[in-house]
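Each remark here refers to the structure printed beneath this line.
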Amino acid sequence: MRTSVIIFPGSNCDRDACVAARSVCGGTVNRVWHRDSTVPDSDLIILPGGFSYGDYLRSGAMAANSPIMHDVIRQAKRGTRVLAICNGFQIATETGMLPGALMRNVNLRFVCRDVHLRIENADTDFTRRYEAGQVIRIPVAHHDGNYFADDDTIRRLEGEGRVVLRYTDARGIPGGDANPNGSRNDIAGILNEDGNVLGMMPHPERYCDPRLGGTDGRAMFESLLEAVA
Amino acid sequence: MKARVYISLKNGVLDPQGKAIGHALENLGFTGVNNVRQGKLIELDLASSDPEEARRQVGEMCEKLLANTVIEKYTIEIAE
């Protein structure tokens, strides 16, 4: 498997993403600088978490216009899988690769803790090694994770099974404190129309090794490995 | 030619920062503030001397970068 991790000034989860991809998926892992103009041919492109360009203007707005993003968008249109995590999700919405926007958390606080997620759709390249309805535990760490889209977009996402991950409590029940940021419909992760771009605020790459506190993120990388094979 | 761009959240989009400012004003004893919406002001110094051309150019800047039109609206002021 060939994975490319895009690095922007201010990315800080790029190394974790590389380690997770290398240890779970194996193969080659390229680190690609944002000023490069092309991404090497890849099975998976990861837009990692962090604070690209210091979150100036809006989180992800500057990175969305980085030279490398033209090629990321081009490859995504050709079907390359893109996993956009946290700041990567913000960048993906800013480019229009994914609908909606990530706004300031409703309680205005930076939230850094484990959350529970229910796998709403296990029939995707990113989640096929999970069970539908399974509840997993992985961390979030963000200030702008409050997913917003207009009513029509939300209806479409829900109707087409593109809400892939939803914040719930440990029993899989959404609502209340289980939602860390005020996201509409407790949305934690969504898929694009073609099913090859997943954006999510939580960090699967951080929970791929038991020494780091959990392994519930591993199956996402295993899913991708299986999808690519 | 100078341009000012005012960016704010669209009506119907929750503005938690505006809400927090409203609460802070209330705590300071300012009564009668029904609602607060906060936004951004961006000032641009442009080479163009044609107001219409400047407005067109700034509009394009707003659509491409300055505003996220999924959640934000903008108004442009051109000053000679």
Side-chain angles (χ1 to χ4, degrees), chain A residues 52-67 69-70 73 87 89-111 142-154 156-157 179-187 190 192 199, chain B residues 2-30 33-48 54-78:
Chain A
S52 56
Y53 296 86
D55 282 349
Y56 290 171
L57 192 63
R58 295 177 306 275
S59 301
M62 300 295 185
N65 292 289
S66 267
M69 286 309 294
H70 296 288
I73 292 165
N87 188 222
F89 187 12
Q90 295 160 344
I91 295 167
T93 57
E94 281 283 344
T95 63
M97 293 166 82
L98 291 169
L102 281 314
M103 300 184 53
R104 182 52 43 99
N105 293 346
V106 72
N107 63 9
L108 302 178
R109 295 202 186 100
F110 188 94
V111 53
H142 61 249
H143 209 164
D144 298 315
N146 180 358
Y147 184 76
F148 177 88
D150 59 33
D151 293 346
D152 283 349
T153 306
I154 296 280
R156 270 193 73 187
L157 289 171
N179 181 334
N181 50 36
S183 286
R184 289 199 73 180
N185 289 28
D186 305 296
I187 288 173
I190 57 165
N192 70 337
Chain B
K2 301 234 156 87
R4 291 184 152 198
V5 182
Y6 296 91
I7 298 164
S8 56
L9 292 171
K10 285 180 178 171
N11 298 334
V13 176
L14 191 70
D15 178 6
Q17 294 182 90
K19 265 214 164 75
I21 295 166
H23 287 312
L25 289 173
E26 207 177 289
N27 291 339
L28 287 168
F30 293 101
V33 179
N34 292 329
N35 194 20
V36 182
R37 306 280 286 173
Q38 65 115 48
K40 292 178 196 135
L41 163 65
I42 298 176
E43 293 181 322
L44 302 161
D45 193 341
L46 302 168
S48 171
R55 186 173 291 276
R56 191 199 59 73
Q57 199 185 16
V58 175
E60 205 175 314
M61 291 177 193
C62 288
E63 293 291 329
K64 283 205 171 143
L65 178 67
L66 301 182
N68 179 342
T69 54
V70 174
I71 47 172
E72 294 171 327
K73 57 186 164 74
Y74 58 87
T75 54
I76 300 166
E77 266 179 20
I78 304 284

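Every chain is numbered from 1, with letters handed out A, B, ... down the list of sequences.
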Check whether more than 12 heavy atoms from other residues, nucleotides or ligands sit under 6.0 Å from atom [atom1] of [X], and answer yes or no.
X: A:Tyr56; atom1: OH; answer: no
X: B:Lys40; atom1: NZ; answer: yes
X: B:Lys73; atom1: NZ; answer: yes

Part of B:Lys64 lying under 4.5 Å from any heavy atom of chain A: backbone
Considering all heavy atoms, the nearest [X]-[Y] contact:
X: A:Met103; Y: B:Leu14; result: CE-O, 3.5 Å
X: B:Val70; Y: A:Phe148; result: O-CE2, 4.2 Å
X: B:Leu66; Y: A:Arg58; result: O-NH1, 2.9 Å
X: A:Arg104; Y: B:Pro16; result: O-CG, 4.1 Å

Close side-chain approach of B:Ile42 to A:Leu57, heavy-atom, < 4.5 Å: yes
Selection from A:Ala61, A:Gly182, A:Gly100 maximising heavy-atom pairs under 4.5 Å formed with chain B: A:Gly100
Proximity breakdown for A:Asn105 and chain B, heavy-atom pairs closer than 4.5 Å: backbone
Atom pair CG/CD of B:Asn68 and A:Gln90 - distance to nearest 0.5 Å: 11.5 Å
Options B:Asp15, B:Leu9, B:Ile71, ranked by heavy-atom pairs under 4.5 Å with chain A, top entry: B:Ile71
